[in-house]
Amino acid sequence: MRDVSAIIDELSWRGLIAQSTDIDALRAATSAGSLTLYCGFDPTAPSLHLGNLVQILTVRRFQQHGHRPLALVGGATGLIGDPRMTGERTLNPVDVVEGWVGRFREQLDRYYDFSGPNAAIAVNNLDWTAELSVLDFLRDVGKHFSVNRMLDREAVAARLAAGGISFTEFSYQLLQGYDYVQLHRRYGCTLQTGGTDQWGNITAGVDLIRRMDGASVHAMTVPLLTKSDGSKYGKTETGTVWLDPALTSPYAFFQFLLNTDDQDVATMLRTFSFRSRDELEAVIASSAERPHERAAQRALARELTALVHGEAESDAVEAAGLALFGQGDLGDLPPGTLTAALTEAPHAVVPAAEVVDGQLPAFDDLLVRTGLVASLSAARRTVGEGGAYANNARILDAAARPELSDLHHGEWLVLRRGKKAFAGVRLERP
RNA sequence: GGCAGGUUGCCCGAGCGGCCAAUGGGAGCGGACUGUAAAUCCGUCGGCUUUGCCUUCGAAGGUUCGAAUCCUUCACCUGCCA
C-alpha cells in the first residue's frame with residue numbers, strides 16, 4: 001500500500017483543494033490509516049462529462065493512496081435536482097433516471113478499483129431514501145435544518161431573487177446531507193469531496209452527522225474547472241464534452257484537449273494527469289519555451305484519451321488527427337491510414353446508386369450529410385464565405401458535384417469546414 | 001384582491017399597422033494573421049425546390065387588403081396599492 005498520508009500534499013501541489021473543514025485534521029486522518037470517502041454523482045444526463053472527471057480522478061488519487069472510495073450514484077437525488085442559478089429544472093421521468101444510474105455506474109467502474117484491500121463500493125442513495133417515510137424524514141432529518149441557513153446558499157438566494165424555487169429543489173440539501181449520515185453509519189465514511197459549488201450541501205451533511213450521531217467528519221472541495229477567461233471548461237460550441245464515446249467521439253475528445261489554451265494547459269495537466277510532479281513540470285516548462293509545439297497539450301490529450309477511451313483508441317484518433325492536419329496531399333496517404341483517419345472522424349456513406357453521370361451528390365448536400373453544417377442554407381453560406389473545402393481545396397460552388405475521379409483511392413472524399421472540422425464521405429461500392 | 005407594465009430569434013435587447021426574418025450588443029460560425037493557441041480586424045448569423053417562397057416575435061381567437069405592432073381571453077413575470 002502506498003503512503004496514505006501523502007495524498008493531501010499531492011492534492012495540494014496539484015491545486016485540487018479549494019476548501020476543507022479542517023485541513024490539519026484531514027491530514028491527520030489520512031495519516032492515521034485508510035479512510036473511506038465519497039463523492040456523489042447525480043444522474044441528470046445520459047453520461048458523465050469532463051467536469052465530473054475532475055471529481056472522479058480526485059477520488060481515484062485517494063484510492064491510489066490506499067483509501068476506500070464509495071462510488072455513489074444519486075438515484076434518489078437525481079430525481080429531485082440540485083438547485084441551479086439558472087432556474088427550475090424539469091423533472092426527468094423515473095425510468096429515465098434509472099437508466100442513467102446504470103450508465104453512470106458503468107462509467108465509474110473504469111476509474112475506481114473494485115478489487116483489492118481498499119476496493120471501491122458501489123452505492124445508490126435510493127437504497128435508503130426510497131422507503132423513508134415523509135414523517136420520519138421531517139422529524140428525524142428536517143428538524144436539524146434551519147431554513148434561515150438554507151436560504152444563504154448561493155444558488156437558493158439567486159433563485160429567490162429571480163424566479164423563485166420549488167419546495168422540491170429547496171429540499172435537495174436535506175437529502176444530500178442525509179446521504180452522508182447513511183454512508184457514515186453504513187461504511188464509516190468520514191470524508192466527502194465535491195466541486196466548490198457543493199460546499200453548502202457537503203457541510204450540511206457534516207453538520208447533520210454531528211447533530212444526529214455526535215460524530216465529526218471531514219469535507220473537502222475541489223476547484224471547479226474554469227478557463228483563464230472565466231468560462232466553464234469542458235463546454236464547446238457543440239456542447240458538453242461527455243465521457244461516453246457515443247456522445248463525444250474519442251476523436252472529438254482528443255481534439256478538444258489538444259486545443260486547450262496555452263494559458264490553461266498547465267492547470268489542466270495538474271488537474272487531470274497522473275504523472276509525477278517532476279515529469280509535469282518538465283513538460284510544462286518545455287511547452288512554455290516552445291508553445292507552438294504544444295507538447296503540453298499533446299501530453300494532456302494522450303493521457304486523458306487513453307484513460308477514458310483506452311490506449312489503442314487514443315493512438316488511433318491521434319494518428320487520424322495527424323493525418324488530417326498534415327501538410328501533404330491527402331491522396332498520398334496510404335489507403336489504410338486515410339480510411340482509419342476518416343473512420344475516426346465524422347463521416348457519411350453515399351450508396352453507389354446515388355452516383356449519376358459519374359458524379360456524387362452536390363457539395364451542399366454532402367456537407368449536411370456529414371454533419372459539418374446544420375442545414376443546406378448553412379452549407380451554402382459556408383461555401384460563400386470560403387470556409388468549405390473538399391480534399392483541402394476550397395469549394396467555390398455549393399451546387400457543384402464532385403466527380404468520381406476526385407475520390408481518394410476511389411472511395412473517400414475529405415470535406416472540411418473551417419480549419420478544424422473534418423469529415424469523410426465514403427462511396428459505398430456494391 | 002385592485003392598478004400599472006412586461007413576455008421578441010442561442011442570450012441580452014430595439015421595433016411607426018405595410019419599406020420586418022425583424023436595429024444593436026454578446027455568443028456561435030467563416031475569412032485574414034497564427035501554432036489545429038490567444039488577441040485583433042473583416043464577414044456571417046431562421047428554413048427551403050432561393051431574383052421568390054415558407055415558418056417565427058408567450059398561447060388561442062379576432063379586426064384589417066395587410067399585424068411583432070390594434071382588440072379579446074388565457075398563462076407566466078415585474079412594479080405600486082390593499
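A note on names: the letters A, B, ... follow the listed sequences, proteins ahead of strands, and every chain is numbered from 1.
A:Gln192 and A:Gln198 form no side-chain donor-acceptor contact under 3.5 Å, judged by distance and modelled atom types alone. The closest side-chain donor-acceptor pair between A:Trp412 and A:Asn391, if any, does not fall under 3.5 angstrom.
Separation of the P atoms belonging to B:rC57 and B:rA68 is 8 Å when rounded to the nearest angstrom. When the C1' atom is compared between B:rU23 and B:rC33, the two are found 31 Å apart, to the nearest whole Å. Atom name P, nucleotides B:rU34 and B:rC53: the rounded distance is 46 Å, in whole Å. Between B:rA4 and B:rG9, the two C1' atoms lie 28 Å apart (nearest whole Å). To the nearest whole angstrom, the two C1' atoms, one in B:rU56 and one in B:rA22, are 10 Å apart. Here the separation of B:rU63 from B:rC76, taken at their P atoms, is 28 Å to the nearest Å. The separation of B:rU40 from B:rG6, taken at their P atoms, amounts to 37 Å, rounded to a whole angstrom. Between the C1' atoms of B:rG25 and B:rC45, the separation comes to 14 Å (whole Å).
Pair assignment for B:rU55: none, as no Watson-Crick or G-U wobble contacts are both less than 3.5 Å. Across all strands shown, B:rU72 forms a Watson-Crick or G-U wobble pair with B:rA60, both key distances being under 3.5 Å. Remark: B:rC45 base-pairs with no nucleotide; criterion is Watson-Crick or G-U wobble with both hydrogen-bond distances under 3.5 Å. For B:rU36, there is no paired base (Watson-Crick or G-U wobble, both distances below 3.5 Å). Under the Watson-Crick or G-U wobble criterion, with both distances below 3.5 Å, B:rG5 is paired with B:rC77. Across all strands shown, B:rA14 has no partner, as no Watson-Crick or G-U wobble contact with both distances under 3.5 Å is found.
Comparing B:rA37, B:rG30, B:rU36 by their closest approach to the side chain of A:Gln255 singles out B:rU36. Set against B:rU36, B:rC48, B:rG35, the side chain of A:Arg298 has B:rU36 as its closest nucleotide. Closest to the A:Leu376 side chain, of the nucleotides B:rA37, B:rU49, B:rG30, is B:rU49. Considering only side-chain atoms of A:Leu258, the nucleotide from B:rU36, B:rG31, B:rG35 that sits closest is B:rU36. Comparing B:rU36, B:rG47, B:rG30 by their nearest atom to the side chain of A:Ser377 picks out B:rG47.
When the P atom of B:rU44 is taken as reference, atom CZ of A:Arg381 falls 11 Å away, rounded to whole Å. B:rU49 atom P lies 8 Å from atom CG of A:Asp364, rounded to whole Å. Regarding A:Asp261, its CG atom lies at a distance of 12 Å from the C1' atom of B:rU36, rounded to whole Å. One atom, CE of A:Met268, and another, P of B:rA37, lie 17 Å apart when rounded to the nearest Å. At whole-Å resolution of the value, CZ in A:Arg294 and C1' in B:rA37 are 7 Å apart. Here B:rU36 presents its C1' atom at 13 Å from CG of A:Asn392, a figure rounded to the nearest Å. In this structure, the CZ atom of A:Arg417 is 21 Å from the P atom of B:rG43, given to the nearest Å. Taking atom CG of A:Asn259 as the reference point, atom C1' of B:rG35 lies 10 Å away to the nearest angstrom.
Salt bridge annotation for A:Asp207-A:Arg149: present, with a cationic side-chain nitrogen under 4.0 angstrom from a carboxylate oxygen. A salt bridge is defined here as a Lys NZ or Arg NE, NH1 or NH2 lying under 4.0 Å from an Asp or Glu carboxylate O, and A:Arg27 with A:Asp9 meets this definition.
Phosphate contact (OP1/OP2 of B:rG31, side-chain N/O of A:Tyr389, threshold under 4.0 Å): present. Using a 4.0 Å cut-off, some side-chain N or O of A:Arg380 falls inside it from OP1 or OP2 of B:rU49. Contact annotation: A:Ser375 side-chain N/O to B:rC48 OP1/OP2 distance is under 4.0 Å.
Heavy-atom nearest nucleotides on RNA chain B were determined for A:Ala388 and for A:Lys419, and the one closer to the 5' end corresponds to A:Ala388.
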May I have the step-by-step check of side chain to side chain donor-acceptor pair (under 3.5 Å) for A:Thr260 and A:Gln297, ending in yes or no?
CA-CA 6 Å; A:Thr260 302; A:Gln297 279 91 339; over 6 Å; no
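Under a cutoff of 6.0 Å and an axis angle of 45°, A:Arg416 and A:Tyr389 form a cation-pi pair.
Panel note: side chain A:His409, backbone A:Glu411; no donor-acceptor pair is recorded below 3.5 Å.
Donor-acceptor pairing under 3.5 Å, judged by distance alone, is absent between the side chain of A:Thr382 and the base of B:rU44. Scanning atom types as modelled, one donor and one acceptor separated by under 3.5 angstrom connect the side chain of A:Glu385 and the base of B:rG43.
When heavy atoms are screened at a 4.0 angstrom cut-off, A:Arg290 is found touching no nucleic acid atom at all.
Across all non-hydrogen atoms, the minimal contact from A:Leu50 to A:Leu304 is CD1-CD2, 4.3 Å.
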